[in-house]
Structure formats: structure tokens, C-alpha cells
Amino acid sequence: MKKIYFLLFSLIIVSCENILKKNKDMSLVHIEKKAFGKTKEGINVDQYILKNRNGMEISTINYGGIITSWKTKDRDGNYKDIVLGFNNLSEYESESPYFGAIIGRYGNRIAKGKFSLNGEEYTLAVNNGENHLHGGLKGFDKVVWDTKEVVDDSTASLVLSYLSDDMEEGYPGNLEVQVIYTLNNNDELSVKYEAVTDKKTIINLTQHTYFNLSADFNKNILDHDILINADSFLPVDSTLIPTGEIRNVGDTPFDFRRTKNIRKEINNSNKQLMIGNGYDHCWVLNNQDQGLRFVASAYDSGSGRLLEVFSDQPGIQFYSGNFLDGSLKSKTGGTYDFRSGFCLETQHYPNSPNAKSFPSVTLSPGEKYMTETIFKFSSK
Ligand code: GLA
């Protein structure tokens, strides 16, 4: 009889331990992996869900390094998805306006798709009016990346690697690129970009997530309050190429040095706003010598969600979703209408290869391209 009691007691202890262990594991930061589909060429694509102990969940796929969903909490503690995207890979392949993707080799525009290096002229695809945009016809947003998961006690990282061949999309040099997404328990996602080349080339990587902090994709983003730590911005010509002027934001709708509602001045009669059909400009960020520093924030007073952006980059493209026109179906059954998402793309200035006065975007053999941007969420 004693033996039976002992056996029963041991069994209970063991199963309790297992339950505790399981709960403990699930409460730690971790990654879950599942199949997401096959590309048109038949390549398997996986989804990696980075979860932290607070409940934040970031889903990303190795096609384009796309962040497909990002669950963050509102002021009442409800976690909801706050990024635009699709439910299926085929929609990302066929019609995505760069939702959630890694952009390269050159984020933003290069005038007429031409630039010179060492006296040699290079020609890139012209895929945006008369200009080159976001790396060309098959940029880094449309390739399948290799992956590695790295998890420790307090962080979960997905390391994405890609080798872009010499002259791929017209860019010189074999470029080895790594983008590392790291989620921690402070509700921060760090995006680290690294690259090396074997021939002089140009590079400007960014992340193209469209946020709508209300988590209601049927709502536009005009009620968000934006702050951009920049005293000046880059006016553009009618094709959205910077004119070369660095203009002070003072007394213009481009002054976001104090938190301002997007709605407040977006419809002002202002030539730059008319060209962009809203905000679609690069701001010249302050404190460029300080490395990683606070650069911008977005707040949705309805839900209480606050996004803060930190970066070591010189510029940020604030794009108010002006090309969204209701033709794309949303994840939740509606449509992505005009200005239903906004992007805060940390980067070098557009068309830098052709603008002598802008900071350099060249990368030479022996150098390492390294940059970091952090997206931090909280609620209030
Ligand atoms: C960037 C550009 C915009 C637009 C979007 C994608 O933000 O600046 O003009 O091309 O990407 O639609």
C-alpha cells in the first residue's frame, strides 16, 4: 500500500514539474516556426513568430524578410495586429506595395535609374515613373532569404541572410547581406543590417512596415500624432527626387519637432504636399553624429499605443500611405484605403549617388555596412 502511495506521489510531482517547465518555457522569449506557402517558383517559405514574455508577437517570413503581423498592446492590455499586410504569400508576390518588407539594395529613388562609380555609369531598372525605386524589379523585398534562429534568456533573433550577385538588378559587386530582427522583453524590435561587398557599390537598406496603431485597418491614420526630430527636410521635384535643397521645417507643415496630428496640415495648400499627395518626404534628422538615438515617434490616442523609433541613420522617409487606394484587400476582410497606414523608413537620403552634397552611400571591399534601427512599443 505504502508503495502505491509513493508511486502516485512521485507521479504527481513529475507531472507538476513538467507543467511548470512547459509554462516557464512558453513565458520566455521564443520563436515558433510554421510553413507559410510556396513561391511561384515552388520555393518553400516559412513564418517565424517571435514572442516575448509580455505577449508581443512579431510574425515575419523569409520571403522579403516581410513582417506580416505585429501584435502590440493598447492601454487596456489588449494585443492586436498593427501592421498592414496579407494572409497569403501569393498576394505579397503579386501586388504588395512593399508591405513590411526589407528594401534594398537601394531604398527609395535614384533619378532616372542611373549613377556612376569610379567613372563607370550603371543603369538600373526604371520602375517608378522615370526613376528607380526600392531596389528594382526584384529587390530584396521579393527574394527568399536564408534564416537562422538565435534565442537566449531575454532575446529572440531571426537572422536573415542573402547573397546578391554581382550586377543583380544592375548593381555592381557580390553583396553579402544580413538583416537581424531581435525582439526583447522591453517590447523593442531591433533591426540590424550588415553587408560586405567585393566591388565598390552603393547601398541603402530600410524596413517598409506600414503601421496603423489603432489596429483597425478600416480607419485611416490621420489621427496619429507624429514627432520627427528633424530641423529640416528634403523638398522634391515632381517625380519625388530631392531637389538638393535642405529646407528648414520652421513654419511649414513639415515641422514635426513637437508632436502634431497628421490630419492638422496634411491638406494645406503647400506645393510639397501636393507633389507627394501628402507626406512622402525624407527628413534630415538631427544629431547625426550621435549614432543610435531617438528619431521619431507615432502615437494613437484612441488606443494609447506609442511607437518610438531609434536609429543611427541620417534620414527618415515619412510616408502617409498616399498611394493606397482601396484596391488591395486587407487581412481582416476590408480594403486598404487611402492613408490607412504610414511608414517611418530610416535611411540615407533619396538619390544620394547623384547628389554630391548628401552623405555617401558607397560601400567598398574591406568595409562593413552596419546600421541599426529600433522600434519600441508602449502604451499610455
Ligand atoms: C516609399 C516611397 C513612396 C512609395 C512607397 C511604396 O515610401 O517614398 O513614394 O513608393 O514607398 O508605395
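Counting starts at 1 for both ligands and their atoms, following the listed order.
When only non-hydrogen protein atoms are considered, atom 7 (O) of ligand 1 lies nearest to Glu345 OE2, 2.7 Å. Among all non-hydrogen protein atoms, the one lying nearest atom 12 (O) of ligand 1 is Tyr210 OH, 3.6 Å. In terms of protein heavy-atom proximity, atom 1 (C) of ligand 1 is closest to His134 NE2, 3.2 Å.
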Derivation and outcome, salt bridge (charged side-chain N to carboxylate O under 4.0 Å, His left out), residues Glu93 and Lys142
CA-CA 7 Å; Glu93 283 186 285; Lys142 293 182 188 67; over 6 Å; no
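Under the 3.5 Å distance criterion, the side-chain polar atoms of Lys260 are matched with a main-chain donor or acceptor of Pro253. The backbone N or O of Asn286 lies less than 3.5 Å from a partner atom in the side chain of Arg293, making a donor-acceptor pair.
Checked against a 6.0 Å centroid threshold, the rings of His208 and Tyr210 count as neighbours. The distance between the ring centers of Tyr171 and Tyr122 does not fall below 6.0 angstrom.
Against a heavy-atom cut-off of under 4.0 Å, Gln317 is close to the following atoms of ligand 1: 8 (O). Atoms of ligand 1 lying under 4.0 Å from any heavy atom of Tyr98, numbered from 1 in the order shown and given with element: 6 (C).
If you chain together ILVMFWY residues whose side-chain heavy atoms come under 4.5 Å of each other, Tyr98 ends up grouped with Ile103, Leu133.
Inclusion of His208 in the set of residues having an N or O under 3.5 Å from an N or O of ligand 1 is warranted.
Contact annotation for Leu133 and ligand 1: only side-chain heavy atoms (C-beta onward) come within less than 4.0 Å of the ligand.
One option in Asn108, Asp280, Leu344 has a heavy atom closer to atom 3 (C) of ligand 1 than any other, and that option is Asp280.
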